[in-house]
Number of protein chains: 2
Amino acid sequence: MEEKEISQAVIGRLPRYLRYLGDLKDEGIERVSSQELSDIMQTTASQIRQDLNTFGGFGQQGYGYNVGYLYDEIRKILGIDREHRLIIVGAGHLGQALVNYTNFERRGFIFRGIFDCDPKICGKKVRGITVRPMEEMAGFIRDNDIDIAVLTIPKTSAVEVAQKLADCGIRGIWNFAHVDLPVPAYIQVENVHLSDSLMKLSYNISSVQEESETDRKVDGNGQNR
Amino acid sequence: MEEKEISQAVIGRLPRYLRYLGDLKDEGIERVSSQELSDIMQTTASQIRQDLNTFGGFGQQGYGYNVGYLYDEIRKILGIDREHRLIIVGAGHLGQALVNYTNFERRGFIFRGIFDCDPKICGKKVRGITVRPMEEMAGFIRDNDIDIAVLTIPKTSAVEVAQKLADCGIRGIWNFAHVDLPVPAYIQVENVHLSDSLMKLSYNISSVQEESETDRKVDGNGQNR
DNA sequence: AGGGTTGTGTCAATCGATTGACAAGAATTT
DNA sequence: AAATTCTTGTCAATCGATTGACACAACCCT
């Protein structure tokens with residue numbers, strides 16, 4: 001079924017394509033060429049064509065790409081054409097903030113449960129979802145067919161909990177804890193290391209400082225890399 | 001002062017080095033070789049040496065690297081040997097969660113102010129910090145020598161607010177809004193596109209599914225790339 | 001103090017990712 | 001209907017990042 005390994009660099013760009021295509025759809029635009037899209041997105045037309053061709057020919061010569069069709073195809077590739085069921089592990093500030101962020105649900109990521117080891121928090125409701133004790137987690141994952149666990153607990157217990165999650169058959173872990181998780185290769189881990197991100201910003205601020213004699217031209221490109 | 005452009009790939013790995021060096025320090029370990037470190041971090045010794053040499057020779061032949069010294073040097077490189085003053089723009093769930101996350105302060109990122117356009121929220125206190133109306137933002141940035149603005153507002157107003165931040169001389173923007181920000185090149189933007197990250201996870205889960213006939217070997221490497 | 005060992009800094013080779021170029025197919029114009 | 005324009009898919013070239021190899025410096029043991 002799988003032919004060749006697809007690079008994470010390409011995958012990482014797909015959500016951004018999806019975002020711009022969604023904007024175009026909202027504006028009622030039906031077709032777009034790689035050149036037009038690259039102008040808007042501040043990238044090269046060649047990269048867009050190369051990226052899309054990794055998954056097959058979605059465009060048509062002399063016409064370009066159909067916005068709605070391409071949008072749907074990228075959704076399928078990313079696996080967000082179906083619902084994902086998530087649980088939050090760690091009902092602290094961040095965990096609660098994520099549950100309250102309704103945009104995820106709009107994209108098909110549905111929060112089904114919240115777990116915490118603190119008995120004082122258990123029983124409390126966050127956006128209608130009851131916080132449950134950790135002991136119930138394994139059963140809950142199996143009973144509710146949970147795809148993804150969101151780890152918003154301190155690093156001290158993260159590795160242990162990740163092990164537990166692996167044992168009860170979770171498919172992916174969205175990891176906000178500031179550690180690398182050693183899990184079997186068939187479990188996917190996506191790290192969101194917020195403090196790493198802040199440190200990168202700190203570096204980039206400082207390095208701009210140092211080259212302050214250089215010209216300060218406006219570039220206007222806000223994409224991450 | 002600047003000699004050659006340093007790649008973001010290298011910068012992106014520095015916080016991870018710092019994390020593992022901190023762990024070694026806590027264990028009381030004084031010296032480490034690139035080989036030992038690469039074994040722990042699941043990378044190559046060559047990459048570690050190459051990365052560190054971008055900034056100068058921190059090691060000694062036949063000895064390796066002094067953990068404490070290297071730790072301090074990387075902190076200096078990242079610019080986290082001094083304090084950074086931040087404001088939160090957008091006092092929603094995520095903004096409040098970030099203010100309450102004490103680990104940032106421990107690393108020298110100090111939250112000085114919170115701003116929101118909703119008058120109902122203004123005046124409220126989050127971890128001792130009063131939420132102020134947006135009108136006061138520009139003055140506050142100048143008066144309090146603010147480095148970094150954290151953007152936790154909806155995408156609809158993000159571009160406009162970023163423009164305002166640029167005008168009053170902010171140095172960096174930590175952007176949680178789901179848009180690319182067009183700002184002058186001397187302002188650094190670090191994007192945290194949470195839904196993009198979730199979509200990547202979704203893809204990787206699905207792609208593992210498809211190649212399920214392949215061997216399920218344990219790899220134990222939790223690093224992001 | 002000398003010899004063996006360790007391990008860095010660096011250069012070269014490999015590997016992967018991005019960009020450029022163009023042939024050919026489809027649309028549009030005349 | 002033919003000519004022209006547009007624009008993809010793809011191949012080749014370039015560019016950048018990672019890995020491997022090794023000379024030589026510093027350490028450690030006897």
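Residue numbering restarts at 1 for every chain, and letters A, B, ... go by the order of the sequence lines. All figures in this text were calculated on a predicted structure; none of them were measured in a lab.
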task = Apply ring-ring contact (aromatic ring centres under 6.0 Å, His included) to B:Phe104 and B:Trp174, showing your working.
result = CA-CA 13 Å; B:Phe104 298 134; B:Trp174 202 23; 5.6 Å; yes
Separation of [N] [atom2] from [X] [atom1] (nearest whole Å):
X       : N      : atom1 : atom2 : result
A:Leu70 : D:dT8  : CG    : P     : 11 Å
B:Gln47 : C:dC15 : CD    : C1'   : 13 Å
A:Tyr69 : D:dT8  : OH    : P     : 15 Å
B:Tyr65 : C:dG7  : OH    : C1'   : 9 Å
B:Gln8  : D:dT18 : CD    : P     : 12 Å

Straight-line distance of A:Leu201 CG to B:Asn191 CG, nearest 0.5 Å =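 The CG atom of B:Asn191 is 10.0 Å from CG of A:Leu201, to the nearest 0.5 Å.
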Of all the nucleotides listed ([options]), which has the minimum atom distance to the side chain of [X]?
X       : options                : value
B:Arg49 : C:dA26, D:dC28, C:dT8  : C:dT8
A:Gln61 : C:dT10, D:dT8, C:dT18  : D:dT8
B:Ala9  : D:dC27, D:dT18, C:dT19 : D:dT18
B:Arg13 : C:dA26, D:dT18, D:dC22 : D:dT18
B:Ser7  : C:dT19, D:dA17, D:dT10 : D:dA17

ask   = Using 4.0 Å as the upper bound for N to carboxylate O, is an ion pair formed by B:Arg85 and B:Asp145?
value =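 A salt bridge links B:Asp145 with B:Arg85.
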ask   = Taking atom CD of A:Glu105 as the centre, does the number of heavy atoms from other residues, nucleotides or ligands within less than 6.0 Å exceed 12?
value =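 Enclosed: over 12 neighbouring heavy atoms sit under 6.0 Å from CD of A:Glu105.
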Side-chain donor/acceptor contact of A:Ser46 with base of C:dG20 under 3.5 Å =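 Indeed there is one.
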inquiry  = Should the side chain of B:Gln50 and the base of C:dT10 be counted as holding a donor-acceptor pair, with the cut-off at 3.5 Å?
reply    =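 Answer no: no donor N or O sits under 3.5 Å from an acceptor.
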